[in-house]
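Working notes, beginning with the structure itself.
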Amino acid sequence: MGFAMRMQLNSEVIKKDSFRSMYINGKKNGFEFDVQLAYYRGHYLSDIDLLEVYIDGEKMPQEAVTFEINGKEMPVYKLSWAVTEFWSQVEPAKIRVIKKGGLDAGAHELELKLMLRVPYMCIGPNHTYMPLDGGEKVTVSLAE
């Protein structure tokens, strides 16, 4: 892909203050954070072509990542089938990542690679639509 539209209307895509450890059965086993859509219109989840999470340069396995919006949590591979679930620009989504043992306290580099297609902007043959880069890389901190 040689070109992707980038439009960030809010100051943060990744809401740094939402970054926290995730506990499963009382043990630290991952992390979670909120994400706001970086586009002036909402999108159906089926328009998400890529969603990857990296922590300190390490790509998290797709099967360990879930996406929650409208009170519904689903694994990344099911997003392409979520044709009726709408992600509004004003409503943050929650990303959860299972990581055995969680993360140590302190600063971490968090990267979200998020590519969407804009279904009303056909830019080529064979149903080629405008790609939208909605990702971000930030430094976050865990106090615990």
Side-chain angles (χ1 to χ4, degrees), residues 1-121 123 127-144:
M1 176 183 340
F3 173 80
M5 184 169 50
R6 178 95 173 136
M7 182 181 295
Q8 187 170 331
L9 300 177
N10 33 310
S11 60
E12 293 180 317
V13 171
I14 295 172
K15 302 299 183 185
K16 294 180 200 175
D17 63 345
S18 71
F19 186 74
R20 63 185 47 89
S21 292
M22 185 172 66
Y23 291 83
I24 300 171
N25 295 328
K27 295 182 181 175
K28 189 165 39 168
N29 274 306
F31 57 93
E32 62 184 28
F33 58 96
D34 292 343
V35 176
Q36 190 170 10
L37 188 61
Y39 194 55
Y40 71 99
R41 293 182 129 178
H43 275 279
Y44 287 98
L45 299 187
S46 58
D47 291 330
I48 297 174
D49 287 332
L50 174 75
L51 192 155
E52 295 176 346
V53 177
Y54 294 77
I55 192 75
D56 299 325
E58 177 188 357
K59 180 182 177 186
M60 298 292 98
Q62 286 295 95
E63 61 272 10
V65 180
T66 63
F67 183 98
E68 181 183 329
I69 195 80
N70 303 326
K72 297 174 185 165
E73 185 176 8
M74 62 194 81
V76 173
Y77 78 90
K78 286 195 173 184
L79 294 177
S80 63
W81 298 100
V83 296
T84 60
E85 289 304 317
F86 191 75
W87 184 10
S88 167
Q89 195 275 336
V90 297
E91 290 295 322
K94 181 166 297 298
I95 306 291
R96 291 189 178 96
V97 180
I98 296 173
K99 181 170 175 49
K100 188 174 180 176
L103 299 171
D104 294 331
H108 297 276
E109 183 182 80
L110 174 63
E111 182 177 9
L112 174 70
K113 290 187 180 180
L114 179 63
M115 294 298 293
L116 301 99
R117 70 182 163 288
V118 182
Y120 55 87
M121 287 185 173
I123 60 170
H127 302 286
T128 304
Y129 296 95
M130 176 66 74
L132 172 67
D133 180 354
E136 185 176 48
K137 184 189 286 189
V138 295
T139 299
V140 291
S141 184
L142 277 177
E144 26 187 304

Are [X] and [Y] side-chain neighbours, meaning at least one heavy-atom pair lies under 4.5 Å?
X      : Y     : value
Leu79  : Asp47 : no
Val83  : Tyr44 : no
Met60  : Ile55 : yes
Val138 : Glu12 : no
Val97  : Ile95 : yes
Lys113 : Tyr54 : yes

| task | Report the residues that fulfil salt bridge (Lys or Arg N to Asp or Glu O under 4.0 Å) with Lys59, sequence neighbours left out, ordered by chain and then residue number. | result |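 So Lys59 forms a salt bridge (Lys or Arg N to Asp or Glu O under 4.0 Å) with Glu52.
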| task | Go through the structure and list residues passing salt bridge (Lys or Arg N to Asp or Glu O under 4.0 Å) with Asp56, not counting sequence neighbours. | result |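 In terms of salt bridge (Lys or Arg N to Asp or Glu O under 4.0 Å), with neighbours along the sequence ignored, Asp56 is linked to no residue.
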| request: Output the distance between atom CD (Glu109) and atom NZ (Lys137), rounded to the nearest 0.5 Å. | output: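 Between Glu109 CD and Lys137 NZ, I get 4.5 Å after rounding to 0.5 Å.
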| said: If I take atom CG from residue Leu114 and atom CD from residue Glu136, how far apart are they, to the nearest 0.5 angstrom? | reply: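 Output value for this atom pair is 11.0 Å.
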Which atom names give the shortest non-hydrogen contact between [X] and [Y], and what distance separates them?
X      : Y      : answer
His108 : Gly106 : CD2-O, 3.3 Å
Lys16  : Thr139 : CD-O, 3.8 Å
Leu37  : Gly42  : CD2-CA, 3.7 Å
Ser18  : Lys15  : OG-O, 2.6 Å
Asn29  : Lys100 : OD1-CA, 3.4 Å
Ser46  : Ser80  : CB-O, 3.5 Å

Does the [X] side chain pair with the main chain of [Y], one donor and one acceptor, at a distance under 3.5 Å?
X     : Y      : result
Gln36 : Gln89  : yes
Lys28 : Leu103 : yes
Asp49 : Leu116 : no

Check: residues 64-72 side-chain donor-acceptor pairs under 3.5 Å, at least two apart:
residue : atom : partner : partner atom : Å
Thr66   : OG1  : Glu73   : OE2          : 2.6
Glu68   : OE1  : Arg96   : NH1          : 2.4
Glu68   : OE1  : Arg96   : NH2          : 3.2
Asn70   : ND2  : Glu85   : OE1          : 3.0
Asn70   : ND2  : Phe86   : O            : 3.2
Lys72   : NZ   : Glu85   : OE2          : 2.6

| request: Only counting residues at least two apart or in another chain, list the ones meeting side chain to side chain donor-acceptor pair (under 3.5 Å) with Asp34. | output: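 Residues passing side chain to side chain donor-acceptor pair (under 3.5 Å) with Asp34: Lys94.
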| field | Chi angles and distances behind the side-chain contact (heavy atoms from CB on, under 4.5 Å) call for Asp104, Leu142 | value | CA-CA 7 Å; Asp104 294 331; Leu142 277 177; over 6 Å; no
| message | Under the rule for ring-ring contact (aromatic ring centres under 6.0 Å, His included), what residues qualify as partners of Phe31, not counting sequence neighbours? | response |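 Phe31 satisfies ring-ring contact (aromatic ring centres under 6.0 Å, His included) with Phe19 only.
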